Each structure stands twice: as C-alpha cells, then as structure tokens.
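A quick write-up on the structure given underneath.
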Amino acid sequence: MLRKELVAASAEPLVLSLLARGESYGYAIIQEVKARSDGKLNWTDGMLYPVLHRMEHRGLIKSRWGESETGRKRKYYSLKKDGKTAMAKHHEQWSLVHSVLAGLRKEQYV
Amino acid sequence: MFDLEDAIADWRRQMLSAGIQSPVPLEELELHLREEIERQTKAGLNKPDAFTSAVQKLGPAHTVQTEFMKVDKIHSALNWKLMEIGLTLVTILFPLFIGGTVLKRASYIDMTAAQELSSLTALAVFSLLAWSGRLGGRFLPVIQKGQIRNAILYSCFVPLMLWWVAFVRLIVPRHDFTMGEFLVAFTWAFFTPAGASIGLNWGIEAAARKQVANADLSASQT
C-alpha cells in the first residue's frame, strides 16, 4: 500500500493523465487506477469526487451529465486547456523527482 | 429480508445528515455506489454483502464531506475576491466618474461653486464611508453566522432602496429644483447612505472572513 501523502499528491496528475485519453466518469477512473497499479493505489472511492469537483472549480476539467450504454445516468469529466497545461507541469515535476531518485539509487549499487 | 432500495435510502439519509448536499454531489456518489454494488453482485456476492462492502469502500460520510467543504471554501474565496474587486471599482471609479461629470457640466447647467463643492463632498463622503467600513472591519464584531450577516445586509439595503424610490417619486416632484440643486440633493440622498451601508456590510464580511482564515492557519499548524 502506498503512503497516504503520496496517494493524495498523485491524485491530480493521475486523473488529468487519465482524462487526457478521453472523457471518463468517477467509477471508471477509480477502476482504471486500481487496475494499472495492481490494486496498490487504492483510493477511498468517495474521496475522488471532492478531487474532481475541486479540479472542475479550478477550471482544469469540465463535466456533463450523460448516459451509459445500459441507460444509467453518469457524470462524465473531460480535460480543459488549463488541465492539459497542469498535466504537463505535473509530468515534468514527477519526472524530475523520479530521475533524481533513480540516479541516487543507481549510485548505491556502484 | 434485505431490501437494496431501503438500504440505499438509509445510506442517503446518513450522507445528508453528515452535510453532503443533494443533488450535487450526493447523486453522483449514489450512482457510484450502485455501480459498485452491481459489479460485486455480478462477481457472485449477495446483495447485503455487496451493499456493505460498497458503502465501506466509498468511505465515511463525514470524511468525504470534509473534503467537499474544502472545495466550497475555494469557491467562496474566489467569489469574495471578485466581490472586493467589484466594490473597489464601484466605490472609487463611480464617484470619480460622477464627480468628473459634475465638474465638466457645472458651467453648462448653471451650478454655483457651492453646489459643485457640496456634490463633490457627498461623493467623497460616499467613498470614505465605504472604505472606513472596509478598513475598520477589525473594530466591528465578528459575526460567524452567514444568515445573520445576510439579515444585516438586507436590513440595510431594503430601506435604502425604499428611500431611493421615495426620493425620486415623492420628494423630487414636490420641489422645483434647479439642475444644480437637484444634483446636490441627488448626490447626498443617493450616495451618502449607500456609502454607509456598503461600508458597514463590507467591514462585517471582511471581519468574518479574516477570522475564518486565521482559524484555518492555526488548524493546519497543529
């Protein structure tokens, strides 16, 4: 299991990156993140929605009500222009942390 | 006998009592809950177990609500900022504009120097009253309840509007004002009480918000 702080910090970049591939809704986002992390990134389901609403207020994403193939009501979220910029920034920062960490780790084995 | 709809209705009541608003975001959370229950029953779980597990995964109502409240706070902070920009413009640019018009047209409409001065004073008093409320907010009582603040707001502005209507409909027609006299009466009657009302409410609102901001800071430090 990932640490709480890391889970919280990674929520926004993950949601942005997922939505960059096309619109999606809360339940699917959670399932996708779970599947891609082999269940190790396990959000408390309800906590995703405040994150989504906050991102919507900040103008990073937008939402619309729609229907699933089976007629179930769903709220779909998609990326806005500011969201794309924010995502690029996140990627840059996480890559930086990752490369520093990977570099240091390599040195330990030398 | 377990009834899924009853159980969901119960869950909704719990969420509502924790302060989660309906329909947004409660409806979205309920759709999520239903989808999770459906997935789990398809995977072979019985309905009561699927329901319990889905509710557990969604998380405790008050924790989710605390997160949602942070969203509202951001939203309301943004609105307040816009409001302050608007008020600043109204209390500075508007009197400047009217004052400029008075100065420019004074000779054209036969305004005496005294009348001119009086009108400009009224406009200055308007700005001063509004800003002394804003800047002197710390001397005003901190009223935590938004409802009471709204009540004060309405009890200031409703009489003000009535006074404006009375001035235009009752007082002006009964006096044979020259243009200059009218402008003096108009600036004092319209702007001065408005300045006092804006100042008082601006100050009260600013004081209440400052208190909240300080409380937040200390909470995050502990």
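In the text below, chain A, chain B and the rest are named by the order of the sequence lines, each starting its count at 1. Worth knowing before you read on, the calculation uses all heavy atoms, side chains too, and leaves out hydrogens, waters and symmetry mates. Only a predicted model underlies this, so the values are computations on that prediction, with no experimental measurement involved.
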Where does A:L48 contact chain B at under 4.5 Å (heavy atoms): side chain, backbone, both or neither? neither
Can you give me the closest heavy-atom contact between A:P50 and B:V64, atom names plus distance? CG-O, 4.0 Å
More than 12 foreign heavy atoms under 6.0 Å from CZ of B:F157: is that the case here? yes
With respect to chain A, which residue among B:L33, B:V24, B:L29, B:L58 yields the maximal number of heavy-atom pairs within a distance under 4.5 Å? B:L58
Does atom CZ (B:F94) have a neighbourhood of more than 12 heavy atoms from anything else shown, all under 6.0 Å? no
Can you list the donor-acceptor atom pairs spanning chain A and chain B that come in under 3.5 angstrom?
residue : atom : partner : partner atom : Å
A:Y25   : OH   : B:E35   : OE2          : 3.0
A:Y27   : OH   : B:E36   : OE1          : 2.7
A:Y27   : OH   : B:R39   : NE           : 2.8
A:D45   : N    : B:K57   : O            : 2.8
A:D45   : OD2  : B:H32   : NE2          : 3.0
A:G46   : N    : B:L58   : O            : 2.9
A:Y49   : OH   : B:H32   : ND1          : 2.7
A:H53   : NE2  : B:E28   : OE1          : 2.8
A:H57   : ND1  : B:H75   : ND1          : 3.4
A:R72   : NH2  : B:E38   : OE1          : 2.1
A:R72   : NH2  : B:E38   : OE2          : 3.3
A:K73   : NZ   : B:E27   : OE2          : 2.5
A:R74   : NH2  : B:E35   : OE2          : 2.9
A:Y77   : OH   : B:E28   : OE1          : 3.2
A:Y77   : OH   : B:E28   : OE2          : 2.5

